[in-house]
Amino acid sequence: METQTAAWLTAVLPLVLLTSALAEKTSVYFVIGGSLTLTPPVAPGRISRILWKHDENLVAEWADGRAEPRYSGTFRGRAGLDTTTGRLDITNVTEADAGMFTLDINNALQGERYEATVIHKVPKPEILVQPLRCSSGSDSCTLTCEGNITEAEPVTYSWKMGAGDWTESEQSINISSTEGIQSVTNFTCRMTNPVSEEQSEVHPNPFFQRARPSSRRWLEVFLTVLKVVGVVSLVWALVYFVWRNRDAACPCVGGKGENAAQSG
Ligand SMILES: *[C@@H]1O[C@H](CO)[C@@H](O)[C@H](O)[C@H]1NC(C)=O
Ligand SMILES: *[C@@H]1O[C@H](CO)[C@@H](O)[C@H](O)[C@H]1NC(C)=O
Ligand SMILES: *[C@@H]1O[C@H](CO)[C@@H](O)[C@H](O)[C@H]1NC(C)=O
Ligand SMILES: *[C@@H]1O[C@H](CO)[C@@H](O)[C@H](O)[C@H]1NC(C)=O
């Protein structure tokens, strides 16, 4: 019996040491409320005992002869152990499930360790414009801060106009060609949740209009005045010309009359 055990140890020990030497930390990610599956590498030989731990706490335990695995603490009702492969499934994952999962098969700690991390960050949003043909000629357009936030709620949205401050707002904003909007060069949106924050690329404002330099505006005013003065002068010149012509042409007619009046 003792020689048998010694022989077994001699055969198995190098394998155990080898496994330990190859100890790997596998990162597993999950989202809150989702599920987590830890699949150990195929164990050598038949599995007679399984022990899963989360940090220092027991998760699931099973030994030959037992009909059902035993689950512990918060994992009761959420964990499922496959006794032929050692695979562990956990549903309804919570923040508290983050940590290190370790596995012990047939009383030997397996090389694999599983570091579970919660992932519930917001994605980098994109600004979508509606209608697609939104242009400076449109009546109004809707900008939407878009991204897949299925696992990231609650999310809040903020918008920034040009170099202005972030303002918390709706996911969509309506813009139209008003004076205030015309001076905005671009828009940026941001998604925020309790653990993360992401902002979109800068999106050009379809209604942006470059302000005319003031010198040009004065030139325009000057040219307008000049035009008005020119037109008024032209009208006066015409009136004067007509009047002079009448004066010059009418002496024959009017002159005759005058002469007649004078002669009479
Ligand atoms: C797991 O989540 C489902 C749906 O979200 C719920 O119906 C079920 O009661 C939850 N189970 C546990 C053990 O919390
Ligand atoms: C959003 O992400 C979830 C997973 O987080 C995925 O199931 C779903 O298909 C995604 N939806 C879209 C529209 O991409
Ligand atoms: C966005 O607008 C701001 C303010 O006018 C400007 O400083 C910045 O360069 C613009 N960014 C891009 C990418 O056009
Ligand atoms: C934006 O415009 C759309 C369509 O014109 C309208 O349905 C929506 O309620 C508006 N949203 C806001 C925030 O004004």
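Atom set for the values below is all heavy atoms of this structure, side chains included, hydrogens, waters and symmetry mates excluded. Start at 1 and go down the list; that is how both ligands and their atoms are numbered.
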Test side-chain contact (heavy atoms from CB on, under 4.5 Å) applied to Ile181 and Met161, step by step: CA-CA 9 Å; Ile181 294 295; Met161 293 188 183; 4.0 Å; yes
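The aromatic rings of Phe75 and Phe101 lie perpendicular to each other, with more than 60° between the two planes, well past the 30° mark.
Donor-acceptor pairing under 3.5 Å is recorded for the side chains of Ser177 and Gln182.
Across every non-hydrogen atom of Cys145 and Arg190, the tightest pair is SG-N, 4.0 Å. Closest of all the heavy-atom pairs between Leu51 and Glu61 is CD1-CG, 3.6 Å.
Ligand-side atoms of ligand 3 in range of Thr185: 1 (C), 2 (O), 3 (C), 4 (C), 5 (O), range being under 4.0 angstrom from any heavy atom. In summary, the atoms of ligand 3 found under 4.0 Å from a heavy atom of Val202, numbered by their order in the structure, are 11 (N), 12 (C), 13 (C).
Considering only residues two or more places apart in sequence or on other chains, Thr188 meets the side-chain contact (heavy atoms from CB on, under 4.5 Å) condition with Lys160, Trp166, Gln199, Ser200, Val202.
A 4.5 Å side-chain heavy-atom check between Thr85 and Pro40 finds every atom pair outside the cut-off.
Protein residues with a heavy atom closer than 4.0 Å to ligand 2 are Asn148, Thr150, Glu151, listed by chain and number.
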